[in-house]
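If you read the sequence from its start, that first residue is 1, and numbering goes on from there. Both counts, for ligands and for their atoms, begin at 1 and track the order of listing.
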Amino acid sequence: MEISSFPEDIKKLVIPEPSGRFVYHCLGCGTDWGIDELLYTCPGCNSVLLIEDRDWDRLKKIPGEMWRRIFDYRKMIDVPSMKGIFLFYELIAPVIPLEDVICLGEGHTPVVEANGSLQEWVGLRFFVKNDGQNPSASFKDRGMASAFSFINYAMKKKGMERVLAVCASTGDTSASAALYAAYLGDRVKSVVLLPHGKVTPQQLAQPLGNGATVLEIPGVFDDCMKVVEFLADNYPVALLNSKNAWRIKGQESYSYEIAQAFNYDLENYVIVAPIGNAGNITAILSGFLNLYDLGIITALPQVVGVQSEHANPVYLYYLEPDSKKRRFSPVKVKPSVAQAAMIGNPVSMPRVIYLVDKYRKIAGDESFIVEEVKEQEIMEAMLIANRNGHIVCTQGGEGIAGLRKALRRGAVEKSKTAIVDSTAHILKFLVFQEKYFANNFEPEFEIEVNDALRNFPKLVSPSGLEKTPASGVSLTKAEFDLFVRRTAEEIADLLGIERKKKD
Ligand SMILES: *Cc1c(COP(=O)(O)O)cnc(C)c1O
Ligand SMILES: [Zn+2]
């Protein structure tokens, strides 16, 4: 739609100008640092940082109702840089001029209502937001779009030199970083560190295909993360993990899209997401708080984080009801089918603590909870969801299992509507489906296979045929017709169907 036909008040605001005063805010000592340099931790006290806009209040001059209209009208315009997460420009990173924004089609992922039988199985009305339909097939693209847009801007306008982009990954961060780095061409070289044998073949193939340097490290993700942190502290590299606060900004778009999809009325909604390194849950909380602060939403939805009992440090932390007595301790992870969230020492934990505190002050203690699920429950929830027409990954299954459990113990009300984050596409996590179908999980996974959920291909080999196309020889017309008829009869037999009567 042509902007010229928009209402006058919208016309002025629909294409934004750069604005804002961004700082890295230290959650340890409270110092603000300028964004001219890429920082990952506070140079003063080494704590993690969050990006904050010190000119945020200018956005409050526009009423919430007006913001809703601006964002809704933007859905109709044809500006490539605003086709992705930067539709919510002022809330993401308005310090980056639109011309420097990198958009590879991330965000605006489908929100699909579960069918009747799946809703019945879970116990309430719910939707799945398919973040696996992002360009690299996980939600990580949201954060890479903002982080790489900033890098692109800094290289073009702020004299940043060629960038060596490094990250540790459980598989999806590396796929996403490699994709965006490749798009920026020679100016950015991507290096990814993966825990050897702990990412799926598809996830390994992605950064290889995008030309990244792929390094496999002995240990688990938490070990890779330590190596990458050492590199970032001591060498001239750009860290692309969610420790990089620019990642969080882009991932907030998940909350903005949900608000928009449900007409900015989230009062009776529950948002469910898996927790690994806790970047995603940080961004989700921060996103809803931003919307609330600007009056774009007038009630905060309940947020449910889900962890496997094989990687549950955030769950254990919030088990203690008295906030003064809570102590965070990292856990040693055990093998998990929710492998992308198999993290024992989440880097964003201080951010979670800081934001949950804010969130609960506004919306009450029940407004943020963490649910723990068994590996068995994760697998079954994923398989059952996909048998009902979804494409959820194991982490999406973790979310559905967590929602079901929270409902059963009364921590989520049945009258609410839930939105579950399927953080990646099932195709990235097929190994776990295959292990389930083949019943060959290593005992550490603690998964027992339910035959009713298994599925196998069946080989159709009609008897009494001398030649089939499989043998590589050419068949005469008569031989081929016989092959078609005999194979069809065999299939009909298998399916138990009778031949139609000709009249
Ligand atoms: C990274 C990832 C997670 C965990 O998200 P965090 O931000 O690390 O908590 C969950 N699911 C998938 C598919 C992921 O790639
Ligand atoms: Zn500090």
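Note: F88 and H108 have parallel aromatic rings, judged against thresholds of 30 and 60 degrees for the angle between ring planes. Between F432 and F429, the two ring planes are parallel [angle under 30°; tilted spans 30° to 60°].
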Criterion side chain to side chain contact (heavy atoms under 4.5 Å, CB included) on R454 and Y436, from CA distance to verdict: CA-CA 7 Å; R454 296 168 80 192; Y436 194 95; 4.2 Å; yes

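Residue-level contacts of ligand 1 at the 4.0 Å heavy-atom threshold are F139, K140, D172, P274, I275, G276, N277, A278, G279, N280, A340, Q395, T423, A424.
The six-membered or imidazole ring of F127 lies near that of F262, with a centre-to-centre distance under 6.0 Å.
Checking W246 against Y24 by side-chain atom types alone, a donor-acceptor pair falls below 3.5 Å.
Within a 6.0 Å radius of CD in E216, more than 12 heavy atoms belonging to other residues, nucleotides or ligands are found.
The side-chain hydrogen bond (donor to acceptor under 3.5 Å, both in side chains) pairs that include a residue from residues 317-341 are S336-E375, where partners are two or more places apart or lie in different chains.
For the pair SG of C42 and SG of C29, the angle whose vertex sits at the Zn ion (ligand 2) is 110° to 10 degrees. Of the angles at the Zn ion (ligand 2), the one spanning SG of C26 and SG of C45 is 100° when given to 10°.
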